[in-house]
Amino acid sequence: MVFDADTYIGVSEDPSIQFPFKAEQSGQLTLLIEDNEGKQFSTSTEVMVN
């Protein structure tokens, strides 16, 4: 886990959340989001480190 946030009512319905991340090795980065209704959304991308 790289980032974990427990947000409250003060966050917009479609927020833009940014956080620093520096990959130490190549691989797949997966983002998993669960909303306050229990719905889950995910996306993945390959990260390449030279």
Side chain to side chain contact (heavy atoms under 4.5 Å, CB included) against Ser26, all qualifying residues, sequence neighbours excluded: Met48, Val49
Qualifying salt bridge (Lys or Arg N to Asp or Glu O under 4.0 Å) pairs with a residue from residues 25-42, counting only residues at least two apart or across chains: Glu37-Lys39
Residue list, ring pair (Phe, Tyr, Trp, His ring centres under 6.0 Å) with Phe41, at least two apart or on another chain: none
Partners passing side-chain hydrogen bond (donor to acceptor under 3.5 Å, both in side chains) against Ser44 (at least two apart in sequence or in another chain): Thr30
Residues forming a side-chain hydrogen bond (donor to acceptor under 3.5 Å, both in side chains) with Lys22, sequence neighbours excluded: none
Any Gln28 side-chain heavy atom under 4.5 Å of Thr45 side chain: no
Member of Ile33, Leu32, Leu31 meeting the side chain to side chain contact (heavy atoms under 4.5 Å, CB included) criterion with Thr43: Leu31
Side chain to side chain contact (heavy atoms under 4.5 Å, CB included) involving Phe19 - partner list, sequence neighbours excluded: Val2, Phe3, Phe21
Within 6.0 Å of CD in Glu24, more than 12 heavy atoms from elsewhere: no
